[in-house]
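Per chain, numbering begins at 1; letters A, B, ... match sequence-line order.
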Amino acid sequence: MNEIPARYNSQEVEDRIYKFWQDNNLFSAKANPDKKPFCIVIPPPNVTGILHMGHALNNTYQDILIRLKRMQGFESLWMPGTDHAGIATQNVVERQLAKEGIKRQDLGREKFLQRVEQWKEEYGSTIIKQLKKLGASCDWPRVRFTMDEGYSEAVKEVFVRLWNKGLIYQDDKIINWCPRCQTALSDEEAPHRQLQGNLYYIRYPIKQASGLRPQASGQVKKACGMRHAACDYIVVATTRPETMLGDSAVAVNPKDKRYKKFVGKVLILPLVNREIKIIADNMVDRKFGTGAVKVTPAHDSNDYLLGKKYRLEFVNVMHPDGRMNDFAGSYKDMDRFKAREALLNDLREKGLLEKVQPHPLSAGHCYRCQSIIEPRLSRQWFIKIAPLAKPAIKAVKDGGIKFHPKRWTKVYLNWMENIQDWCISRQIWWGHRIPVWYCLDCKKEAVASVEAPRVCRVCNSANLKQDDDVLDTWFSSWLWPFATFYWPFDHAGDKRLAIGDRQKDLKYFYPTSVLVTAPEIIFFWVARMIMAGFEFVGKEPFKDVYIHGTVRDREGKKMSKSLGNIIDPLEIIAKYGADALRFSLISITAAGEDLYLSEEKFELGRNFANKLWNASRFSLMNLDLNLASVDLCVFFEKEKLELPERWILSRFYSMLGRLNKALDNFRFNQAANILYEFIWHEFCDWYIELAKPNLLSGLAGKRVSGENRNTQIVLYKVLEKTLRCLHPFMPFITEEIWQKLQLKTHNSQLTTIMTQPWPHIQKQMVDQGVESKMQLAIDVITASRNLKAQVKIPQSQNVKLSIVVKDKKAIAALKETSPAISYLAKLVNLCIQSERPGGIKSISALSGKMQVLLELEGVIDIEKEIEKLAKEIGELTADLKSKEARLKNKEFLKKAPQEVIQREKELVTVNKEKLAASSRILDELKK
RNA sequence: GGGCGCAUGGCUUAGCUGGUUAGAGCGCCACAUUCACAUUGUGGAGGUCAUAGGUUCGAAUCCUAUUGCGCCCACCA
């Protein structure tokens, strides 16, 4: 006993066990024709990443599945890796440079990239180390990085294939521009968020026939939109007034009577005094603002369309960093928001700012730095994505790929069916450079190629230049499920596997089985992987997509560094243990719902681990036989076991049935709770207590046959199988205990729980009769404890108990279990009969079919007892009334299933008996 | 503007295909410490299942509407 501490010490166990697993190569998986494959590719965390609760949750789900399937006999592969995360990583390194007072431009492209590499070498494995702390059983030697040499070849290959199909094009479009990161972003990377902004109403003077321009204030008379023929100006409403410097028209709706006469006239754009036209287009909403809209084709996507349609001027008024440029006149070099203020002041002074209205609006925000996105006209690379979406839509509609929970299917389909072309070029340096080359001499043709071309195909010049931009990070991530298997095989890049083995691996493990991720990743990654899978490999990348919730703080806010509400999983692991972290996270998260976290929640897992530890400690202290030759099924058939043993076996196997079902349905929290309930409240609370008399010498109440050996076997078997069931959830503690158990009962060398088979259901051991007999005993014991507490008799004091029950089966069952009852309820005498004995002073409790009476030596508090009985009688009467009414209802009798009616009838009988008994006692007491 | 989710005791929640006396955990109250575990045990108090209608023999569960909270999508000048 001394060698096992009374408290589970996760710190002492976890690193040692993890090392044991790794040293024994237990996470590795190989194409194995004798087994079915099960494969998960990890959502590759950013190389810059440090483990947060979202990762902890995400990877715990994956590890549970991987470990479960490994035990269930699958060749279970968890493919690990990291993502180069272009913008995020570049930002991190740029920030580091800033501390040294350097900009990346000072270094130049080559040197900067060296810096990033250097940074990656130093910190890139942080997240991997942290995943190991969590217990992740990834096949680490396979680890991939989205900028591995071989992986990069896959990226280029894909680009060229799409290029050859004509699906890649370059175009000038309004894109999401982040002025801080100074790059284009895809629509998904610029999520809209609510802002409290203003709607500014600005007067644009009309150019008079005389050619005279109205002066500033004083001269203007009437606003337009007022049905006056002689307006001097038109009022437009805008939320981004600084963009007016780039206006090239004002648009109205052609049906708008207020403005009909102005269409075709010319306005003088204030502040810059440029002439712009008034045009009419159906796109304009007559009801919004003044019904007249300024048109800025280089800074707004709608305006861009108008600009193209009416051949307007495209005036870009900003530098890439968000400051105003030469076209902004006196506002040149001001930041866009400073310029806004300055410009509004000037308008106000000139009397051209009619009014300002608070106006909630939503604007894109950079998903990496949160800056407000500037829609900006620029030349970028795009993919025509609609053709790729087709098979990806079909696969989900046909059920070839399933989302769990189901509701995400709709979200996915809705996005897919309205998919927009994907902007894939980024103006940063860290990433896959776009494999397109231009000839600087003839300038005739751009070429896309996996290998850098030597000479121009047209003019043979060697003066070629590669495109400066890099590809969107997600353009490499979308290949993850197959590029990690070295697709397309024939590139020389990575020498870790022979080409034949690469092909074999992909063939064996692809399509992968399950993808586990968070909802915000559906568009970025899940949808695109599905498209890539069909396009490049011809098959779906995975069969099931499990979408879990978002980790929030206790107020429901997302956890973020800036909010300071982070709970660091590594601190939790240090304090509570990785198993506790894992179990707590899983157990409190309803399927697919967000989870609201606070540190106390981890006590749940820690306490549970400690409970299991101590139950095991007790078992280890009391197991002294070599059980190597015992087969549970044979044993069960041969031996006539006592009720507690039959009961715990029955409970175990019915628990296993429910557990399997929950896991099959991705109901992880339910699975965790089934195990918790069984281990704590059945195995520990009841079975171990019932096993004690047989195991411990010198305890009173030894059960009849006192078969110590049978008790040992059942205790061991149930514990050992339970450990296996719990292993995917709490891998460390289960391994530690399991190995100790093997040593104690088998004298065996160290093996591992990891590769033990998942327990098989043994239906012959599930026995409803046994369970209800035991339930009767549990009810009596509980009632007895309850009665003792009520009259403040210490639980340890021996008492006399009578049970009154009519049901003959129940009487027989109670007689069978009476030793156990007497032991656990501390009874000197247990009297089971069908009629209440007279003349004994006692208090009573109703439990199921039984009335339980506790004999008392002293005086009973009659008032209290009467009160309690009256309450009971009241409740019983009400209940009886409603049940009898139901049984008289013809519709009920006609339509309800027989078993429901039957049970209702039984309850009426039982309740009637109880009511009669209670009334009788009440009468006695009243005398 | 469209879509989705959530609403159950003081807090966090389970309740999957309608039939329970609506389960837990934390917190609270009372009692318990030689016998695996105070990271414990035993017992208790505490719920008109957001509101209003409807379907049904029967609704926390299904339908409709309302309210509140949260999330996602959209070319909301």
TODO: Starting from the 5' end of RNA chain B, give me the residue, A/L199 or A/F618, whose nearest nucleotide shows up first.
DONE: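 Of the two residues, A/F618 wins.
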TODO: Name the residue closer to the 5' end of RNA chain B, choosing between A/D187 and A/N665 according to the nucleotide with the nearest heavy atom.
DONE: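 First, find each residue's nearest nucleotide; the 5'-ward one identifies A/N665.
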Open item on the list: Using 0.5 Å steps for rounding, measure from the CH2 atom of A/W680 to the CG atom of A/D685.
Closed with: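 Those atoms lie 8.5 Å apart.
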What does [N] pair with, Watson-Crick or G-U, if both distances are under 3.5 Å?
{"N": "B/A7", "answer": "B/U67"}
{"N": "B/U34", "answer": "none"}
{"N": "B/U48", "answer": "none"}
{"N": "B/G1", "answer": "B/C73"}
{"N": "B/G19", "answer": "B/C57"}

TODO: Kindly point out which of B/G19, B/U56, B/C37 is positioned nearest to the side chain of A/R903?
DONE: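 Given the options B/G19, B/U56, B/C37, the side chain of A/R903 is closest to B/G19.
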Open item on the list: Closest approach to the side chain of A/F892, judged atom by atom: which nucleotide of B/C57, B/A36, B/C16 is it?
Closed with: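 Side chain of A/F892 sits closest to B/C57.
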Using the 3.5 Å cut-off, write out each protein N or O paired with an N or O of nucleotides 3-10 of chain B and the distance between them.
unit_1: B/G3; atom_1: O3'; unit_2: A/K410; atom_2: NZ; d: 3.3
unit_1: B/C4; atom_1: OP1; unit_2: A/K410; atom_2: NZ; d: 2.9
unit_1: B/G5; atom_1: O2'; unit_2: A/E593; atom_2: OE1; d: 3.4

Figure out the [atom1]/[atom2] separation between [X] and [N], and round it to whole Å.
{"X": "A/K792", "N": "B/C31", "atom1": "NZ", "atom2": "C1'", "value": "8 Å"}
{"X": "A/K826", "N": "B/A32", "atom1": "NZ", "atom2": "P", "value": "15 Å"}
{"X": "A/E417", "N": "B/A74", "atom1": "CD", "atom2": "C1'", "value": "16 Å"}
{"X": "A/K788", "N": "B/C31", "atom1": "NZ", "atom2": "C1'", "value": "13 Å"}
{"X": "A/E904", "N": "B/C57", "atom1": "CD", "atom2": "P", "value": "16 Å"}
{"X": "A/L585", "N": "B/U12", "atom1": "CG", "atom2": "C1'", "value": "15 Å"}

Open item on the list: Do A/N673 and A/E677 pair up side chain to side chain, a donor and an acceptor below 3.5 Å, judged on atom types alone?
Closed with: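 Distance-only check fails for A/N673 and A/E677.
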Open item on the list: Using a 4.0 Å heavy-atom cut-off, does A/V284 contact any base of the nucleic acid, only the sugar-phosphate backbone, or nothing at all?
Closed with: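 Since a base atom lies under 4.0 Å of A/V284, the category is base.
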- [ ] Would you indicate what A/E689 reaches in the nucleic acid, counting non-hydrogen atoms under 4.0 angstrom: base, sugar-phosphate, or nothing?
- [x]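 Contact class for A/E689: base.
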Show each protein N/O and nucleotides 42-47 of chain B N/O combination with a separation under 3.5 Å, one pair to a line.
unit_1: B/G44; atom_1: OP1; unit_2: A/N786; atom_2: ND2; d: 3.1

Task: Whether A/F288 stacks on the six-membered ring of B/A77 base, 5.5 Å and 30° limits - done: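 The base of B/A77 is stacked with A/F288 (centres under 5.5 Å, planes under 30°).
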Task: CA sep, side-chain torsions, deciding dist, call: A/T589, A/F668, side chain to side chain contact (heavy atoms under 4.5 Å, CB included) - done: CA-CA 8 Å; A/T589 308; A/F668 297 97; over 6 Å; no
Open item on the list: I want to check one thing: is the phosphate of B/G41, taken as OP1 and OP2, less than 4.0 Å away from some side-chain N or O of A/K611?
Closed with: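 Yes, such a contact exists.
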- [ ] Considering just the side-chain nitrogens and oxygens of A/R667, establish if one lies under 4.0 Å of OP1 or OP2 belonging to B/G15.
- [x]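 Yes, because at least one side-chain N or O of A/R667 sits under 4.0 Å from OP1 or OP2 of B/G15.
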